[in-house]
Protein chains: 2
Amino acid sequence: MRISELAERSGTAPATIKFYVREGLLPPAEKTGYNQVSYTEEHVRRLHLVRALVDVGGLPIARVRAVVAAVDDPGTGLQEVMGAAQRALPGREGAPPPSPSSLAAVEELVRAQGWAVLDGNPGVAQAAAVLDGWVAMGRKDLFDSLPEYARAAEVVARADLARVWPDAADRDRSAETVVVGTVLGDALVAGLRRIAQEHVARATRPTTRPATPTATSTPEEPS
Amino acid sequence: MRISELAERSGTAPATIKFYVREGLLPPAEKTGYNQVSYTEEHVRRLHLVRALVDVGGLPIARVRAVVAAVDDPGTGLQEVMGAAQRALPGREGAPPPSPSSLAAVEELVRAQGWAVLDGNPGVAQAAAVLDGWVAMGRKDLFDSLPEYARAAEVVARADLARVWPDAADRDRSAETVVVGTVLGDALVAGLRRIAQEHVARATRPTTRPATPTATSTPEEPS
DNA sequence: ACCAATAGATAGCAGCACTATCGACAGTGG
DNA sequence: CCACTGTCGATAGTGCTGCTATCTATTGGT
């Protein structure tokens with residue numbers, strides 16, 4: 001198929017497709033002439049993958065390139081593909097490194113949960129950075145809630161992996177599954193969390209501010 | 001205090017502080033002379049809040065402005081502050097709108113969970129967009145896992161709100177708590193999810209690919 | 001034969017988050 | 001009193017990212 005058809009089927013502008021090929025997000029199409037190439041169904045699904053990572057996952061182009069490289073390299077095992085996807089996720093790159101105390105807190109949490117984890121896991125630094133932000137705001141009560149969050153995270157992780165193992169025999173397919181699941185999973189959990197937050201906020205009827213009847217007046221705006 | 005002290009205490013360059021004041025992320029300091037102003041402790045904590053939202057939460061400046069405006073406006077109730085924080089989170093703005101079928105699936109999930117939620121909730125569109133990305137990749141099995149994710153999301157949401165109600169009497173303090181909790185909570189859950197993923201992947205020993213012994217050879221790299 | 005479409009290369013552009021520079025002045029040590 | 005460092009506010013500039021526009025040589029379709 002030609003570029004216009006690929007563009008139409010993926011909802012992506014031809015110029016953008018060319019750009020993706022240049023950037024290595026999309027493999028070059030097979031040449032059939034001086035100015036004719038032939039895109040395949042493989043390109044369609046790869047383009048869908050790229051757009052999902054960019055649009056829904058919010059990944060920058062460079063990260064997407066790293067991820068698809070891991071998917072395409074048959075020498076990369078599923079665990080490493082998952083690692084690549086994890087490292088690709090937008091994770092506090094401009095931020096200062098996490099403090100040792102927060103790192104220690106996270107590591108203690110990991111131990112308390114009975115988790116086994118290597119040092120390189122980016123989640124550790126990310127969680128520690130969150131704790132740092134929290135204490136910088138003068139709050140400390142988050143530590144008590146950590147096990148609750150950790151338990152929820154484990155439930156999510158089990159659901160994640162339950163979706164991968166079924167077709168673990170097909171390496172390419174499951175590599176894609178791992179990537180999409182890891183990246184889009186963050187967005188899914190975040191979205192569901194927003195819905196659940198509103199539900200819980202409405203359900204537990206917070207005595208909508210016990211002692212300060214001011215400012216409750218403004219007409220209810222959808223949260 | 002003068003700008004250099006504020007810069008030092010917050011780890012932010014003076015030029016950046018000036019920029020934030022211009023952009024309305026930080027209130028202007030009180031003038032004490034032609035070229036002398038006096039920053040307060042309030043500025044320190046506000047700057048910490050802004051940096052946390054930017055560095056850890058990854059929010060763009062414009063979103064941070066909207067969030068702090070909601071926090072500062074005493075006429076904005078806590079529910080609306082939470083709504084502002086939710087809408088501020090990076091959520092698929094460049095992406096195409098979610099398909100009706102995915103929206104319907106999310107709404108059915110919401111009903112099945114017994115959740116009550118208004119139309120404007122950005123989580124619905126976000127979750128639907130994730131489903132769209134998923135089906136665009138030719139996978140449909142995600143729907144079966146949705147209730148699992150929803151349950152985990154509710155656990156998280158309950159933990160979120162349990163941290164807010166305690167000091168719901170202090171509107172300003174709890175407004176900050178809501179914002180930081182909503183924004184940093186996403187990052188925290190995401191980080192813990194990465195750790196849990198690695199743990200579960202190692203613990204359940206995926207029979208590391210049942211029928212395809214190829215490509216397992218590369219030396220174990222920390223995922 | 002004609003014309004729209006294509007490939008590939010290069011240049012340009014808009015947005016974002018800062019950062020650098022400037023001129024006028026203030027506060028402080030000597 | 002006076003040099004000198006620090007400060008304020010304003011404006012302009014920078015580096016990066018993610019495309020988009022333009023150009024030329026060529027080609028398939030009618």
Side-chain angles (χ1 to χ4, degrees), chain A residues 1-40 43 47 50-68 88-96, chain B residues 1-40 43 47 49-68 88-90 92-96:
Chain A
M1 91 188 61
R2 290 174 299 180
I3 199 172
S4 58
E5 189 182 347
L6 178 59
E8 201 170 352
R9 285 185 54 184
S10 67
T12 309
T16 306
I17 294 175
K18 290 181 179 180
F19 170 70
Y20 285 167
V21 172
R22 276 202 305 282
E23 292 297 313
L25 310 192
L26 215 53
E30 186 195 356
K31 292 207 65 159
T32 63
Y34 177 90
N35 64 345
Q36 298 301 120
V37 299
S38 174
Y39 293 98
T40 67
H43 289 93
L47 193 43
V50 169
R51 296 306 313 198
L53 298 183
V54 168
D55 287 342
V56 186
L59 264 57
I61 299 298
R63 305 294 181 95
V64 175
R65 178 168 42 231
V67 166
V68 299
L89 279 156
R92 34 162 276 82
E93 46 268 3
Chain B
M1 99 187 54
R2 290 173 300 178
I3 199 170
S4 58
E5 191 182 343
L6 178 59
E8 201 169 351
R9 285 185 54 185
S10 67
T12 309
T16 305
I17 294 174
K18 291 179 180 182
F19 171 70
Y20 285 169
V21 172
R22 276 201 305 283
E23 293 295 313
L25 309 192
L26 213 54
E30 186 195 358
K31 291 207 67 159
T32 62
Y34 177 91
N35 65 343
Q36 296 301 118
V37 300
S38 175
Y39 292 97
T40 67
H43 288 93
L47 193 43
L49 172 62
V50 169
R51 296 307 313 199
L53 297 183
V54 168
D55 286 341
V56 185
L59 264 57
I61 299 299
R63 305 294 181 96
V64 176
R65 179 168 44 231
V67 166
V68 300
L89 280 157
R92 37 160 278 84
E93 46 268 0

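Reminder, nothing fancy here: chain letters follow the sequence lines and each chain counts from 1.
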Under 3.5 Å, which protein N or O atoms sit close to an N or O of nucleotides 5-9 of chain D? Give each pair with its distance.
unit_1, atom_1, unit_2, atom_2, d
D:dG6, N2, B:Asn35, ND2, 3.1
D:dT7, OP1, B:Ser4, OG, 2.6
D:dT7, O2, B:Asn35, ND2, 2.8
D:dC8, O4', B:Asn35, O, 3.3
D:dG9, N7, B:Lys18, NZ, 3.2

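Put simply, B:Thr16 has no side-chain N or O that comes within less than 4.0 Å of OP1 or OP2 on C:dA17. Not one side-chain nitrogen or oxygen of B:Tyr20 sits closer than 4.0 Å to the OP1 or OP2 atom of C:dA17.
Rounded to whole Å, atom C1' of C:dA5 lies 14 Å from atom CD of A:Glu8. If you take CG of A:Leu25 and C1' of D:dT17, they are 13 Å apart, rounded to a whole angstrom. In this structure, the CD atom of A:Glu30 is 12 Å from the P atom of C:dG8, given to the nearest Å. Computed from coordinates, the A:Phe19 CZ to D:dT17 P distance equals 10 Å when rounded to whole Å. If you measure from atom CZ of A:Arg22 to atom C1' of D:dC19, you get 9 Å, rounded to the nearest angstrom. Computed from coordinates, the A:Glu23 CD to D:dT20 P distance equals 14 Å when rounded to whole Å.
With sequence neighbours excluded, the residues satisfying salt bridge (charged side-chain N to carboxylate O under 4.0 Å, His left out) with B:Arg9 are B:Glu41. The side chain to side chain contact (heavy atoms under 4.5 Å, CB included) check on B:Pro28 picks up B:Val21, with sequence neighbours excluded. A:Glu5 pairs by the salt bridge (charged side-chain N to carboxylate O under 4.0 Å, His left out) definition with nothing, not counting sequence neighbours. In this view, B:Ser4 satisfies the side chain to side chain contact (heavy atoms under 4.5 Å, CB included) rule with no residue, not counting sequence neighbours. Checked against side-chain hydrogen bond (donor to acceptor under 3.5 Å, both in side chains), B:Ser10 has the following partners two or more places apart in sequence or in another chain: B:Thr12. Remark: A:Thr40 pairs with A:Glu42, A:His43 by the side chain to side chain contact (heavy atoms under 4.5 Å, CB included) rule, at least two apart or across chains.
Using a 4.0 Å cut-off on heavy atoms, the residues of residues 55-67 of chain B that approach DNA chain C are B:Pro60, B:Ile61, listed by number.
With a cut-off of 3.5 Å on both pairing distances, the Watson-Crick and G-U wobble pairs of DNA chain C assemble into stems of 3 or more at C:1-30 with D:1-30.
Evaluation of the salt bridge (Lys or Arg N to Asp or Glu O under 4.0 Å) test over residues 28-38 of chain A, restricted to residues two or more places apart or in two chains, returns none. For residues 52-61 of chain A, the pairs satisfying salt bridge (Lys or Arg N to Asp or Glu O under 4.0 Å) are A:Arg51-A:Asp55, with sequence neighbours left out.
Residues B:Glu23 and B:Tyr20 are not in side-chain contact: their nearest non-hydrogen atoms beyond the backbone lie 4.5 Å or more apart.
The heavy-atom pair separating A:Ala29 from A:Ser38 by the smallest distance is CB-O, 3.5 Å.
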Hey, can you pull the donor-acceptor pairs under 3.5 Å for the side chains in residues 56-64 of chain A, sequence neighbours left out?
unit_1, atom_1, unit_2, atom_2, d
A:Arg63, NH1, A:Arg87, O, 3.0
A:Arg63, NH1, A:Ala88, O, 3.0
A:Arg63, NH1, A:Leu89, O, 3.4
A:Arg63, NH2, A:Glu93, OE1, 3.2

